[in-house]
Number of protein chains: 2
Amino acid sequence: MTGPRALSTEGSPRGRKRGSHSLEAVLSAAVALLDEAGAPALTFRALAARLGTGVGTIYWYVSNKEELLDRATDHAIGGVLALVEAQPESDDPIADLRAMAITLFDAIVDRPWLSAYFMRNTDVQGNSLRLYEKLGQQTLRLDLTPRQRFHAVSAVTGVVVGTAADLGVEAPQEVLDGHVDRDAYLGRFVEQWRSLDGAEFPFVQQIADEFAGHDDRDQFLAALELTLSGLRLQAGTR
Amino acid sequence: MTGPRALSTEGSPRGRKRGSHSLEAVLSAAVALLDEAGAPALTFRALAARLGTGVGTIYWYVSNKEELLDRATDHAIGGVLALVEAQPESDDPIADLRAMAITLFDAIVDRPWLSAYFMRNTDVQGNSLRLYEKLGQQTLRLDLTPRQRFHAVSAVTGVVVGTAADLGVEAPQEVLDGHVDRDAYLGRFVEQWRSLDGAEFPFVQQIADEFAGHDDRDQFLAALELTLSGLRLQAGTR
DNA sequence: TTCCACTATCGAACGTCGTTCGTTACGGCG
DNA sequence: CGCCGTAACGAACGACGTTCGATAGTGGAA
């Protein structure tokens, strides 16, 4: 055998001699490493050290790093899914869609490494699919064609991931570590942008001030709102 | 000295003994490697071999891999910028915005590696900034507040990059190599999706057929249209 | 001419990474 | 007891990014 293939069948935790390893423990430790210091911190050696095992052991539960990342991502998405499923359903599908998108966005902001792997995860049975389903179910309540529903969901996830990736990556290591103040970091850009030629860069100059005091969340909410109002318009005119 | 710092001052190509290296040549070769086999193919050793030099030489033009990727990305964006600047301006700013977004999308589809590095590129003076400016200039022609303009541009780029990244990553190596037919690859998902429990996954089931015959470009255009119609609504109601 | 600083090039060497593989050990079953 | 499936382990391998000392060619100053 090459290892356990089924994810959900984590059956019968019978007694083990040392450190209850199991896939669950591996994934939790992987997510913890990712949370603490981002993607580069997740190495097989670091993971083995944290689990108190050897590197070879991890390969028993996971066949390579790609699968490790996929499973860790799905593990994290599971938390998002739980939040989304706990959300009460209102009488406005678009409002519910908004709430779900915001929940997903917040999760990615919390875990910037998610943005890079969220879409790479093509695992067909998993929490990502369930989340996709949850979003789609809201479009079922709208007067749309199946194709429009399909496009609507991909548009919403596109906005969430696109914006979150943009913002998450925007902050370099020095800011994440707290060594450099975020406002000071943004200030550098504002200063450079303001000093540009006004004839050649009229937009960037006008925007510099907005950028100085901008809030990532507002930026995302505005982008989401454009998509959702477009969707509402579409649902009303059929 | 630690190397040439200025990007644009590629002055006086005087005669050199062997292989006219220069930053320009390094970047072109890097982009070529990325185009041919994606991000993992771009290594310092492969790049040196292609240029007929040693690995150390590349570090004379570029201080590390991150900078190499940033500059290579900016190099590629330069091509997009040229296309965007060549576009004639119509009397409808939103139509022009759409055309620019499509140009950018097509470029990313052509070069999937761009999606991963497009946003990471925080280089303040560069083609990315100029492209950002070009998009923003269209919003200057709309009746919006500066903040709304700022949000509009970030929404559009978010949709483009988010969707392009989704679609670009969707195709694994086997499809890129042509070993597996794209329709057959998509068919696997459709089959699995259709076999799901209809009570638990009503949306995914309904969407499976759409997914089978779907076109990436249409999917993007639909998402973009939602954002743009939301923007048009916003510009009209102020 | 000689000298020196600058520009540019080179590849061996270092440490880290993902991954492989031979080996060991335990527990239940015939 | 011997066997087999499960689980664990870490040395070793090749590839990677990066560093560094050595080595020229060039142009101006002395």
Side-chain angles (χ1 to χ4, degrees), chain A residues 1-6 9-27 29-30 33-34 37-72 113 116-117 120 173, chain B residues 1-7 9-27 29-30 33-34 37-72 113 117 120 173:
Chain A
M1 264 276 265
T2 32
R5 270 286 160 270
T9 38
E10 271 304 308
S12 57
R14 279 157 293 148
R16 289 186 190 82
K17 276 294 160 66
R18 290 203 304 188
S20 70
H21 289 153
S22 80
L23 183 58
E24 176 67 24
V26 171
L27 263 29
L33 281 173
L34 288 167
L42 179 58
T43 69
F44 278 83
R45 279 173 248 267
L47 189 53
R50 172 171 289 238
L51 290 167
T53 69
V55 267
T57 303
I58 302 172
Y59 278 89
W60 177 254
Y61 295 100
V62 138
S63 66
N64 52 38
K65 186 155 189 183
E66 192 187 317
E67 189 183 323
L68 174 64
L69 247 355
D70 278 354
R71 286 222 208 271
W113 53 271
Y117 299 105
R120 198 175 318 264
Q173 207 59 36
Chain B
M1 265 275 268
T2 32
R5 272 284 159 270
L7 176 64
T9 38
E10 271 301 310
S12 58
R14 278 158 293 145
R16 288 189 191 78
K17 276 294 159 69
R18 291 200 308 189
S20 70
H21 288 153
S22 79
L23 183 59
E24 176 67 23
V26 172
L27 262 31
L33 281 173
L34 289 167
L42 179 58
T43 70
F44 278 83
R45 280 174 248 264
L47 189 52
R50 170 171 290 238
L51 290 167
T53 69
V55 268
T57 303
I58 302 172
Y59 278 88
W60 176 255
Y61 295 99
V62 137
S63 66
N64 53 38
K65 185 155 191 184
E66 190 186 319
E67 189 184 324
L68 174 64
L69 247 356
D70 278 355
R71 288 199 133 92
W113 54 270
Y117 298 106
R120 197 178 316 268
Q173 207 61 36

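Reminder, nothing fancy here: chain letters follow the sequence lines and each chain counts from 1. Just so it is clear, the model here is predicted, and its values are computed rather than measured.
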### Task
Give A/L42 one of three labels, base, sugar-phosphate or nothing, depending on what nucleic acid heavy atoms sit under 4.0 Å from its own.
sugar-phosphate
### Summary
Taken to the nearest whole Å, CD1/A/I58 to C1'/D/dA7 is 14 Å
### Message
For a quick test of reading the model, state the closest non-hydrogen atom pair linking B/N64 to B/V62 and the distance between them.
### Response
O-CG1, 3.1 Å
### Task
With the side chain of A/T43 defined as its heavy atoms from C-beta on, choose the nearest nucleotide among C/dG18, D/dT18, D/dC9.
C/dG18
### Query
Side-chain N or O of A/Y61 less than 4.0 angstrom from OP1 or OP2 on D/dA8?
yes
### Message
Side chain of A/W60, heavy atoms from C-beta onward: which of D/dT6, D/dT18, C/dC10 has the nearest atom to it?
### Response
D/dT6
### Message
It should be established whether B/T57 places a side-chain nitrogen or oxygen under 4.0 Å from OP1 or OP2 of nucleotide C/dC10.
### Response
yes
### Query
Any idea which of D/dA8, D/dT19, D/dG10 is nearest the A/V55 side chain?
D/dG10
### Query
In whole Å, what is the span from the CG atom of B/L47 to the P atom of D/dA15?
18 Å
### Message
If you assign B/G56 and B/K65 each to the DNA chain D nucleotide with the nearest heavy atom, which residue ends up on the more 5' nucleotide?
### Response
B/K65
### Query
Of all the choices, D/dC16, D/dA7, C/dG18, which nucleotide is nearest to the side chain of B/R45 once you look at every atom?
D/dC16
### Query
Are any non-hydrogen side-chain atoms of B/L42 and B/L69 less than 4.5 angstrom apart?
yes
### Spacing of B/L23 atom CG relative to C/dA8 atom P, expressed in whole Å
11 Å
### Summary
Residues B/W113 and B/A72: closest non-hydrogen pair is CH2-O, 4.2 Å
### Query
Are B/F44 and B/L68 side-chain neighbours, meaning at least one heavy-atom pair lies under 4.5 Å?
yes
### Message
Any heavy-atom pair between the side chains of B/T43 and B/L33 that's under 4.5 Å?
### Response
no
## Note on the structure
Closest to the side chain of A/T53, out of C/dG11, D/dC9, C/dC17, is D/dC9
### Query
Tell me: OH of B/Y59 to P of D/dA22, nearest whole Å?
21 Å
### Query
How long is the line joining CD of B/E67 and P of D/dG17, in whole Å?
15 Å
